[in-house]
Amino acid sequence: MGSVGAKEVPVLLNADGLRIDGRRLDELRPIQIRAGPLPQADGSAFVEWGQNKVMAAVYGPREVHPRHLQQSTKAVIQCRYNMAAFSVDERKRPGLDRRSQEISKVIAEAFESVVFAEEFPRTSIDVYIEVLQANAGTRCAGLVAASVALADAGIPMVDLLPAVAVGKIDNAIALDLKKEEDNFGQADLPMALVPQSGRLVLLQMEGHMTEPELAQALELGVGGCRVIHEKMKAALRERYSTAPLAAGAA
Ligand code: ADP
């Protein structure tokens, strides 16, 4: 247990170039994705990524609530990212705060660039993301979960949207920061990629990086996204390639 209130910055990178959890700079935390854990929803996914645990559920296309958000030419994508009060060590105040509103907005905008919303005018596609346990990178874990949930719901999209954060710790660019690295590092750069085109549809940055560092971070992040994309596809394949029901036992 760490000393309460201690301010000293932990060593984020040791002499061997390894991080506090033993990872190399270009290594992701372990990630597991399950498609379809909530049969009641139209689509769902559960993501365990390092110590993050995130559930996503998708409903729709369905009637728009509130009604005035309805658009005559396309579906409106509504996203609600929420961190459970018990998802962090210090109890988080429940409910929507500015941070969750911002994250909900950037995630909805990311999906707007890949979902074929024109196919469902006057409807809503509702995306719910519940963070049950948070350890940095939850917007990326939420995006990955929601993206698999959208596919599970059969929503037509250009592609799945893998996401990952890259950061700067002890002056080095590192893939997929965990909590201590996010807290004591120098920068955090979450991104989401359309794998097919290589286009980034979410890119945010907190902290400072030089231009060459930014280029390195983007390259590392895109590589990370491609690995995560494979895991997303595998989760969907696993869900939909199960043996036929009642496998004909005579
Ligand atoms: P992300 O989770 O996408 O990295 P942030 O960089 O805003 O988003 O948050 C980093 C981490 O800080 C979160 O994953 C979570 O572990 C922690 N955190 C965020 N908001 C709170 C909060 N209100 N109370 C306690 N911890 C929080």
Side-chain angles (χ1 to χ4, degrees), residues 1-2 4-7 9-10 12 19-21 23 25 27-33 45-56 79-111 127-149 161-170 173-193 200-209 214 217-218 220-222 224-225 228 232:
M1 191 174 149
V4 177
K7 281 269 188 323
V9 178
L12 297 178
R19 296 153 69 176
I20 36 178
D21 55 3
R23 277 184 296 154
L25 286 167
E27 216 174 318
L28 290 164
R29 289 175 286 183
I31 175 166
Q32 279 182 28
I33 307 173
F46 184 58
V47 168
E48 289 188 55
W49 186 342
Q51 287 169 40
N52 290 318
K53 291 182 195 285
V54 181
M55 182 71 87
C79 179
R80 181 182 182 275
Y81 162 103
N82 181 55
M83 262 178 39
F86 55 81
S87 64
V88 287
D89 336 334
E90 343 65 87
R91 177 182 179 276
K92 181 198 163 282
R93 270 190 80 197
L96 277 185
D97 49 21
R98 285 187 57 159
R99 176 179 169 276
S100 30
Q101 281 175 349
E102 172 221 309
I103 295 177
S104 301
K105 182 171 182 288
V106 294
I107 291 179
E109 285 170 359
F111 285 129
V127 179
Y128 299 93
I129 296 169
E130 292 291 327
V131 178
L132 306 179
Q133 188 168 283
N135 191 277
T138 60
R139 77 194 65 205
C140 296
L143 229 149
V144 166
S147 183
V148 173
L161 268 192
V164 75
V166 179
K168 183 175 168 186
I169 52 167
D170 284 356
I173 300 302
L175 184 62
D176 188 20
L177 302 190
K178 76 190 300 270
K179 184 85 175 8
E180 292 84 346
E181 297 175 322
D182 183 285
N183 284 0
F184 298 104
Q186 296 143 295
D188 181 31
L189 183 90
M191 65 184 84
L193 176 81
L200 292 173
V201 290
L202 180 147
L203 186 63
Q204 299 182 284
M205 182 153 105
E206 202 183 308
H208 299 280
M209 279 186 196
L214 179 62
L218 289 172
L220 194 57
V222 167
C225 282
I228 292 158
M232 295 166 82

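All figures in this text were calculated on a predicted structure; none of them were measured in a lab. Order of listing sets the numbers, starting from 1, for every ligand and every atom in it. Nothing fancy with the numbering, it's 1 onward along the sequence.
Between Glu180 and Leu12 the shortest heavy-atom distance is O-CD2, 4.1 Å. Heavy-atom minimum distance, Leu193 versus Cys225: CD2-CB, 3.7 Å.
Under the side-chain contact (heavy atoms from CB on, under 4.5 Å) criterion, Ala149 pairs with Ala45, Ala56, Val58, sequence neighbours left out. Residues passing the side-chain hydrogen bond (donor to acceptor under 3.5 Å, both in side chains) test with Asn82 are Glu130, sequence neighbours excluded. Every residue meeting the side-chain contact (heavy atoms from CB on, under 4.5 Å) condition with Glu109, not counting sequence neighbours, appears here in chain and number order: Lys105, Glu112.
Around ligand 1, the residues contributing at least one heavy atom under 4.0 Å from the ligand are Met83, Val88, Glu90, Lys92, Arg99, Ala134, Asn135, Ala136, Gly137, Thr138, Arg139, Lys179, Asp182, Asp188.
Between the side chain of Arg19 and the main chain of Lys178, no donor-acceptor pair closer than 3.5 Å is present.
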